[in-house]
Amino acid sequence: MTTDNTSKPKSFRLKVIKPVWETLTISEPLSDYLVRNRRISSSRDAYQLFSYLIYECKEHFLALHLDTKNKIICVDQVSVGSLNASIVHPREVMKACLLSSCAALVLVHNHPSGDDSPSSEDIELTTRLKQCCELMGIRLLDHIIVCESSYCSFADRGLI
């Protein structure tokens, strides 16, 4: 008598990934960017909303997820770095964009040094993120560097 192993069903495992949403109840005054239907219509709007970053002593990198009418639907704190650097990988930025189903993106980060000039790393990252956004059908509207007395808008400078 022979045993036929081909009649046995073969099993395999799949990793299932599901987005997890959490509802938070906050008992504090609302930040300006949390106001319902807050719209970003210029680089100055984004700078004013996130000017609190001037008080941070480390680089903070945020991604503002916008709907089709440029209303903020999500603020993603992508990275908190060191005094003069922040590690940001396009994969992490894009993963959150897909989960929020955003139509557009504005990047915001601070330079604790006070110099609003984009570094070569800032320019390279923005270029890579723009390419990713184009592939995903998401509009990258701007990348804003926040400093104490000024800001730099990549869109206003023609860098996007």
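Counting from 1, the numbers follow the sequence of the chain as shown. Owing to the predicted nature of the structure, the values given are computational and were not obtained by experimental measurement.
- Among residues two or more places apart in sequence or in another chain, the side chain to side chain donor-acceptor pair (under 3.5 Å) test is passed with Ser43 by Tyr151, Asp156.
- Contact annotation: the side chain of Leu64 approaches that of Phe50 to within less than 4.5 Å [non-hydrogen atoms, C-beta and beyond].
- Under the rule for a side-chain contact (heavy atoms from CB on, under 4.5 Å), Ile87 has no partner lying at least two apart in sequence or in another chain.
- By the neighbour-count criterion of 12 heavy atoms within 6.0 Å, atom CZ of Arg128 is sparsely surrounded, having that number or fewer from other residues, nucleotides or ligands.
- Atom CD1 of Ile144 and atom OH of Tyr47 lie 10.5 Å apart (nearest 0.5 Å).
- With sequence neighbours excluded, no residue forms a salt bridge (Lys or Arg N to Asp or Glu O under 4.0 Å) with Glu124.
- Evaluation of the ring pair (Phe, Tyr, Trp, His ring centres under 6.0 Å) test over residues 66-102, restricted to residues two or more places apart or in two chains, returns none.
- Residues meeting the side chain to side chain donor-acceptor pair (under 3.5 Å) test with Ser51, sequence neighbours left out: none.
- In the hydrophobic clustering of ILVMFWY residues, with side-chain heavy atoms under 4.5 Å counting as a link, Leu105 and Leu125 come out together.
- In this structure, the side-chain contact (heavy atoms from CB on, under 4.5 Å) partners of Cys147, at least two apart in sequence or on a different chain, are His111, Asp116, Ile145, Ser150.
- By the 4.5 Å heavy-atom criterion applied to side chains, Tyr52 and Val146 are not counted as neighbours.
- For Ser41, the side chain to side chain donor-acceptor pair (under 3.5 Å) partners two or more places apart in sequence, or in a different chain, are Asp45.
- The shortest distance between side-chain heavy atoms of Pro118 and Arg157 falls below 4.5 Å.
- Both Val75 and Leu141 are assigned to one and the same hydrophobic cluster, defined by single-linkage of ILVMFWY side chains at heavy-atom distances under 4.5 Å.
- Contact check for Ile73 versus Leu66: no side-chain heavy atoms found under the 4.5 Å cut-off.
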Show your working on side-chain contact (heavy atoms from CB on, under 4.5 Å) between Ile40 and Lys71 and close with a plain yes or no. CA-CA 6 Å; Ile40 302 293; Lys71 293 178 186 171; over 6 Å; no

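- Both Met94 and Val78 are assigned to one and the same hydrophobic cluster, defined by single-linkage of ILVMFWY side chains at heavy-atom distances under 4.5 Å.
- Residues meeting the side-chain contact (heavy atoms from CB on, under 4.5 Å) test with Ser117, sequence neighbours left out: Asp115.
- A distance of 6.5 Å separates CG in Leu159 from SG in Cys152, rounded to the nearest 0.5 Å.
- Note: His65 NE2 to Cys74 SG = 4.5 Å, rounded to the nearest 0.5 Å.
- Residue pairs meeting the salt bridge (Lys or Arg N to Asp or Glu O under 4.0 Å) criterion with at least one member in residues 134-148, sequence neighbours excluded: Lys130-Glu134.
- Residue pairs meeting the salt bridge (Lys or Arg N to Asp or Glu O under 4.0 Å) criterion with at least one member in residues 85-96, sequence neighbours excluded: Glu92-Lys95.
- Note: Asp67 CG to Ser100 OG = 10.0 Å, rounded to the nearest 0.5 Å.
- For Glu121, the side chain to side chain donor-acceptor pair (under 3.5 Å) test picks out Ser119, with sequence neighbours left out.
- Between atom CG of residue Leu140 and atom SG of residue Cys133 there is a gap of 5.0 Å, rounded to the nearest 0.5 Å.
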Name each donor-acceptor pair under 3.5 Å that joins a side chain in residues 54-62 to protein atoms two or more places apart or in another chain, with its distance.
residue : atom : partner : partner atom : Å
Glu56   : OE1  : His60   : NE2          : 3.2

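- Counting only heavy atoms from C-beta outward, the side chains of Leu129 and Leu107 approach each other to under 4.5 Å.
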